[in-house]
Amino acid sequence: MAKNLLIVESPAKAKTIEGYLGKDFTVKSSYGHIRDLVKSEDAIDIANNFKQKYEVPADKKQVVSELKKLAKEAEMVWLASDEDREGEAISWHLYDTLNLKEDRTKRIVFHEITKPAILRAIENPRQINYNLVNAQQARRVLDRLVGFELSPVLWKKVKPSLSAGRVQSVAVRLIVEREREINKFQSEAAFKIVAIFGKGKEAFKAELPERFAKQEDAEKFLQDCVGADFTVASLETKPAKRSPAAPFTTSTLQQEASRKLGYSVSRTMSLAQRLYESGYITYMRTDSVNLSDVALAAAASEINSAYGEKYHQQRKYKTKSANAQEAHEAIRPTYFDRHSIDGDNAEKRLYDLIWKRAIASQMSEAQFEKTTAKISISTRNEQLTANGEVMKFDGFLKVYLESSDEEDENQQDGDNTMLPPLSKGQVLNLQELTATERFSRPPARYTEASLVKKLEELGIGRPSTYAPTISTIQNRGYVVKEDREGKQRNFRVLTLKNGSISKEEKTENTGAERGKLFPTDIGAVVNDFLVQYFKGIVDFNFTASVEKQFDEIAQGMKEWTDMIRKFYDPFHKEVEKTIETADKARGERELGTHPESGKKVSVRIGRYGPFVQIGENDDEDKPAYASLRTGQSIETISLEEALELFKLPKKVGVYEDKEMTVAIGKFGPYIRHNSAFYSLPKGTDPLDVSEQLAIEIIEEKRKKDAEKLIKVFDEDAEVKILNGRWGPYIEYGKQNIKIPKGKDPLTLTFDEVKALAGEAGKEPKKGGKKFVKKK
DNA sequence: CAGTGAGCGAGCTTCCGCTTGACTT
């Protein structure tokens with residue numbers, strides 16, 4: 001039995017370290033926290049100085065009992081959890097739970113998993129820092145108190161099962177407020193002037209820095225340019241440079257993987273986890289941009305041998321975020337000379353991104369020569385500007401270019417172009433001059449990754465929680481990630497060519513979105529409720545201000561119970577007051593009156609989501625109801641759109657003695673007939689479907705289904721074999737079952753099919769929970 | 001892929017941060 005037991009947080013880390021330390025050390029992992037507050041109400045004894053009640057969760061019992069056993073046998077236990085608030089608390093929980101003894105326990109820390117760093121740590125043990133532990137307890141207790149007092153308020157005032165918390169509620173607020181900014185945004189049009197001079201290879205573009213708000217001014221400008229002289233008025237050449245970005249942290253990795261590879265935040269994290277467990281990269285949940293000395297040296301030697309010494313430039317980056325805890329290194333390849341890895345395509349691409357970013361971070365800057373030419377117009381006072389850029393030395397750009405969030409349209413056609421040789425006073429030959437109507441753009445909706453970026457800037461959330469937070473706000477129904485179709489918009493283009501001006505109207509698609517975060521109505525209502533009654537909690541600075549106090553606790557300058565008391569008492573009062581006085585929040589909005597009946601038309605949130613109501617609840621004839629459709633919201637729906645909803649579902653006729661009804665569902669418009677669904681062909685207006693057309697659609701679908709059918713097993717046709725997109729499969733009630741390799745679908749017997757259904761272990765899904773009245 | 005939409009009834013829900021697998025498609 002080894003004399004020493006060393007405990008870290010992550011099992012992959014434990015493996016690596018065991019290799020560094022040899023036989024005298026057993027290295028084990030705690031798998032993160034081993035204890036948490038109990039789930040029940042009495043987790044925190046508020047009257048008794050917020051005394052906490054902890055328990056070892058079921059899935060950690062085994063880890064704890066193994067560690068207990070090993071600790072008993074070891075001469076010395078080394079607590080090597082991360083050097084941050086949570087890590088210190090993990091060490092203390094271990095100390096307490098494993099019943100460790102002070103003289104046989106040492107606390108050590110390292111920020112990088114390299115042999116020298118580990119050995120140095122072992123040479124410099126210390127004690128558990130209880131100030132830091134207290135800061136963690138304050139954090140934990142505050143989050144529990146906020147979450148478990150606010151959520152029940154929402155259950156009472158909005159809807160059951162909702163949630164609120166220090167982090168998620170701010171994330172939702174950001175999305176709700178951004179959506180409102182976009183909705184109230186008034187786009188302004190202006191004409192942008194672009195000139196093309198010269199021909200063929202010598203051709204280049206110049207722009208007018210100003211834009212014209214009115215078409216007549218743009219037209220006047222083009223008029224004036226007919227037959228005008230264009231002369232190079234000035235020519236300026238300046239050197240410019242660009243420096244590489246810091247190596248990845250969790251948040252920047254998520255952003256770049258989203259922009260460059262199109263990965264969702266959770267996909268990036270699970271791929272990174274696999275790379276980490278395979279030993280290809282360092283730890284992927286980090287807020288540090290720091291590289292170890294070992295890594296700096298390895299990167300240097302790799303760059304020198306692969307690209308030459310002039311491409312190397314050692315750089316040490318400093319974090320920009322105020323509450324970074326920097327317990328780990330930046331995310332980097334474990335070995336810089338490993339240019340590619342074994343793995344699936346997605347893993348390879350992510351590794352490639354990490355490798356390039358880390359290597360580039362240690363490379364020299366790229367050098368450019370930027371040329372600006374100003375071009376005067378004989379008939380006008382304004383000057384056109386042409387920009388050219390020539391790369392003199394590629395530096396880090398040899399391997400990596402960071403992408404940006406803003407798709408700036410000026411950037412795309414203006415920069416990175418070369419100008420032909422020009423001289424001052426040179427007269428230019430105008431090929432074409434255009435005035436194109438351009439529109440100012442609303443702020444961009446958040447993607448998962450840009451939301452993470454924003455949260456990090458606000459100091460809200462941690463590397464380990466960005467991905468789960470994004471899932472939570474979607475799971476609660478506050479936010480949806482969606483594509484939305486854009487709208488057609490006309491814009492005008494005036495062109496001066498060969499001495500004459502032509503006008504044209506073109507169309508473009510605008511406002512189309514892919515994979516963006518949209519608030520739902522329930523998200524908006526919950527947000528407004530929290531902003532109204534708990535402004536302090538959903539304030540963007542709330543986390544920053546409590547973090548400051550946690551820091552003071554960590555430095556021993558503040559008592560954690562005092563801090564929590566000062567927060568809790570007034571907060572709890574607000575909670576009680578709100579429960580007592582606040583009205584139920586339903587986000588109700590009146591749209592106007594029904595043009596025929598004169599009844600009130602309103603929208604609000606109901607048990608099953610947002611809906612329109614025509615008439616009052618206590619009217620003699622019952623009100624009519626209709627649910628809102630995907631993409632519609634309480635806040636933006638118009639009276640006309642609301643009334644449209646009542647035109648469907650619509651009975652369009654009878655076929656085979658059964659009614660056909662047209663309606664709009666989750667997947668678009670459809671015909672319902674005899675409890676079967678038939679999608680309408682694209683482009684068909686659901687209000688315009690005749691009996692004849694409906695019958696055609698149904699017969700067409702049946703014909704196609706019949707072609708797919710291979711074999712029917714029972715009379716009700718609930719079990720059959722079909723030809724699917726990827727080959728034959730069994731339809732077993734509502735479940736689809738794959739036919740195993742080597743089985744011929746034509747010779748399968750009913751018993752074999754039943755066995756397959758059983759093997760798959762697929763019981764029909766049970767319906768939602770139902771309330772059973774107690775007798 | 002329906003239509004539903006009051007309050008009542010009983011007993012549920014919920015936080016943030018630190019870690020991985022065990023699940024299904």
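Lettering follows sequence order; numbering is per chain, from 1.
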A:Lys15 NZ: over 12 foreign heavy atoms closer than 6.0 Å: no
Greater than 12 external heavy atoms within 6.0 Å of A:Lys28's NZ: no
Nearest to side-chain heavy atoms of A:Lys60, which nucleotide of B:dT20, B:dT4, B:dT19: B:dT19
Touch class at under 4.0 angstrom, heavy-atom based, for A:Tyr678 against every strand present: nothing
Sugar-phosphate, base or nothing in reach of A:Leu142, heavy atoms under 4.0 Å: nothing
A:Arg285 side-chain N/O to B:dT19 phosphate OP1/OP2 under 4.0 Å: yes
Whole angstrom value for the distance that separates P of B:dG7 from NZ of A:Lys157: 12 Å
Pair A:Glu83, A:His111: side-chain N/O donor-acceptor within cut-off below 3.5 Å: yes
Under 5.5 Å and under 30°: A:Trp155 stacked on B:dT13: yes
A:Arg607 side chain near B:dG3 phosphate (N/O to OP1/OP2, under 4.0 Å): no
N or O in side chain of A:Thr465 less than 4.0 angstrom from B:dC16 OP1/OP2: no
Under 4.0 angstrom between A:Arg139 side-chain N/O and B:dC18 OP1 or OP2: no
Any donor-acceptor N or O pair under 3.5 Å, side chains A:His572, A:Glu149: yes
Aro-ring/base stack A:Tyr31-B:dT19, d under 5.5 Å, angle under 30°: no
Sugar-phosphate, base or nothing in reach of A:Val146, heavy atoms under 4.0 Å: nothing
Donor/acceptor link under 3.5 angstrom from A:Ser161 side chain onto base of B:dT13: yes
side-chain N/O A:Gln136 vs B:dG17 OP1/OP2, d < 4.0 Å: no
Touch class at under 4.0 angstrom, heavy-atom based, for A:Pro468 against every strand present: nothing
Sugar-phosphate, base or nothing in reach of A:Pro152, heavy atoms under 4.0 Å: base
Rounded distance (Å) that lies between atom P of B:dT20 and atom CD of A:Gln62: 17 Å
Per-pair stack call A:Tyr625 and B:dG5, 5.5 Å, 30°: no
Whichever of A:Gln325 and A:Glu149 has its nearest DNA chain B nucleotide further upstream toward 5': A:Glu149
Atom-to-atom span, CD1 of A:Ile7 to C1' of B:dT20 - whole angstrom: 17 Å
Sugar-phosphate only, base, or nothing, as touched by A:Ala89 at under 4.0 Å among non-hydrogen atoms: nothing
Spacing between A:Arg144 atom CZ and B:dT13 atom P, to the nearest angstrom: 12 Å
Side-chain donor/acceptor of A:Arg140 to base of B:dC15, under 3.5 Å: yes
A:Asn527, A:Asp521, A:Leu162 screened by side-chain contact (heavy atoms from CB on, under 4.5 Å) with A:Tyr478, the one that passes: A:Leu162
Whichever of A:Arg462 and A:Gln168 has its nearest DNA chain B nucleotide further upstream toward 5': A:Gln168
Touch class at under 4.0 angstrom, heavy-atom based, for A:Tyr466 against every strand present: nothing
Short N-O contact, A:Glu55 and A:Arg35, less than 4.0 angstrom: no
Sub-6.0 Å ring centroid separation between A:Tyr280 and A:Tyr276: no
Is_stacked (A:Phe148, B:dT14) at 5.5 Å, 30 deg: yes
Phosphate OP1/OP2 of B:dT20 contacted by A:Ser10 side-chain N/O (<4.0 Å): yes
Sugar-phosphate, base or nothing in reach of A:Arg604, heavy atoms under 4.0 Å: nothing
Atom pair distance, as rounded to whole Å: CD1 in A:Ile605 and P in B:dA6: 14 Å
A:Ser151 vs B:dC15: side-chain N/O to OP1/OP2 distance below 4.0 Å: no
Touch class at under 4.0 angstrom, heavy-atom based, for A:Ser602 against every strand present: nothing
Distance, rounded to the nearest Å, where A:Gln613 contributes CD and B:dA6 contributes C1': 10 Å
A:Tyr283 side chain near B:dT19 phosphate (N/O to OP1/OP2, under 4.0 Å): yes
